[in-house]
Amino acid sequence: MKHNPVIWFEIYVQEMERAKRFYESVFQVKLEKLNTPDLDMWGFPMDMNGLGASGALVKMAGVPSGGVSTLIYFACEDCAVEEARLIEAGGRIKQAKMSIGEYGFITLGYDTEGNLIGLHSMQ
């Protein structure tokens, strides 16, 4: 395999406007409406030639939010910054910033839709 195995993610939501406000506040980004005919999808900023994966918030009938079978980590300079924003944006912390040794630091928190997300940084 010549590339990282993950290329896209989707975070399922029940209330799109609330979820958009949450992610735009925590990560200081603007989500963009994706041209999908049957789904309400709002994408995170992406560079098709850049490294890493991008993805979208998705509202789809019959697909609930709040499951914890997959965990997505967002890259941060210092995950303590986004951890504070997560709380301010209406989320809650499951695990405050902690060391994972030589691999950096993580925070685990819930978004406004009940999804568990990870924050990762090297400092």
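Annotation: side chain of T36 is not in contact with side chain of W42 (no heavy-atom distance under 4.5 Å). Contact check for D78 versus F105: no side-chain heavy atoms found under the 4.5 Å cut-off. Counting heavy atoms from C-beta outward, K33 and D40 have side chains that approach closer than 4.5 Å. Side chains of M98 and I106 form a contact here, defined as non-hydrogen atoms less than 4.5 Å apart. Within the 4.5 Å cutoff, side-chain heavy atoms of L108 are placed close to those of Y73. The side-chain heavy atoms of I11 and I72, taken from C-beta on, include a pair separated by under 4.5 Å. Put simply, the side chain of H120 reaches to within 4.5 Å of the side chain of I100, judged on heavy atoms.
Q28 CD: more than 12 foreign heavy atoms inside a 6.0 Å radius. Taking a 6.0 Å sphere around CD of E32, one finds it holds 12 or fewer heavy atoms contributed by other residues, nucleotides or ligands. Other residues, nucleotides and ligands contribute over 12 non-hydrogen atoms within 6.0 Å of the CG atom of D47.
Remark: E10 pairs with no residue by the salt bridge (charged side-chain N to carboxylate O under 4.0 Å, His left out) rule, at least two apart or across chains. Applying the salt bridge (charged side-chain N to carboxylate O under 4.0 Å, His left out) rule to K20 yields the partners E17; only residues at least two apart in sequence or on another chain are considered.
One hydrophobic cluster, built from ILVMFWY side chains closer than 4.5 Å, holds both F22 and I87. Residues Y23 and M60 do not share a hydrophobic cluster, clusters being chains of Ile/Leu/Val/Met/Phe/Trp/Tyr side chains in contact below 4.5 Å. The hydrophobic cluster containing M16 also contains L31, counting ILVMFWY residues as joined when their side-chain heavy atoms lie under 4.5 angstrom apart, directly or transitively. L116 and I93 fall into different hydrophobic clusters, where Ile, Leu, Val, Met, Phe, Trp and Tyr side chains are chained together by heavy-atom contacts under 4.5 Å. One hydrophobic cluster holds both L39 and L34 under the rule that ILVMFWY side chains link at heavy-atom gaps under 4.5 Å.
Counted by atom type alone, E83 and T107 present one or more donor-acceptor pairs between their side chains at under 3.5 Å. If you check the side chains of Y12 and N115, you find no donor sitting under 3.5 Å from an acceptor.
When all heavy atoms of L86 and Y110 are compared, the closest pair comes out as CD2-O, 3.8 Å. In terms of heavy-atom proximity, C76 sits nearest to F27 at SG-CE2, 4.5 Å.
Here the CG atom belonging to D111 is positioned 7.5 Å from the OG atom belonging to S65, to the nearest 0.5 angstrom. Separating the OG1 atom in T112 from the CZ atom in R18 is a distance of 5.0 Å, to the nearest 0.5 Å.
When ring centroids are compared, F74 and F9 come within the 6.0 Å threshold.
Under a 4.0 Å N-O distance rule, the pair R85/E88 does not qualify as a salt bridge.
Side-chain atoms of Q123 come within 3.5 Å of backbone N or O of E77 as a donor-acceptor pair. The backbone N or O of E15 lies less than 3.5 Å from a partner atom in the side chain of E113, making a donor-acceptor pair. In this structure a side-chain-to-backbone donor-acceptor pair under 3.5 Å is present from S121 to C79.
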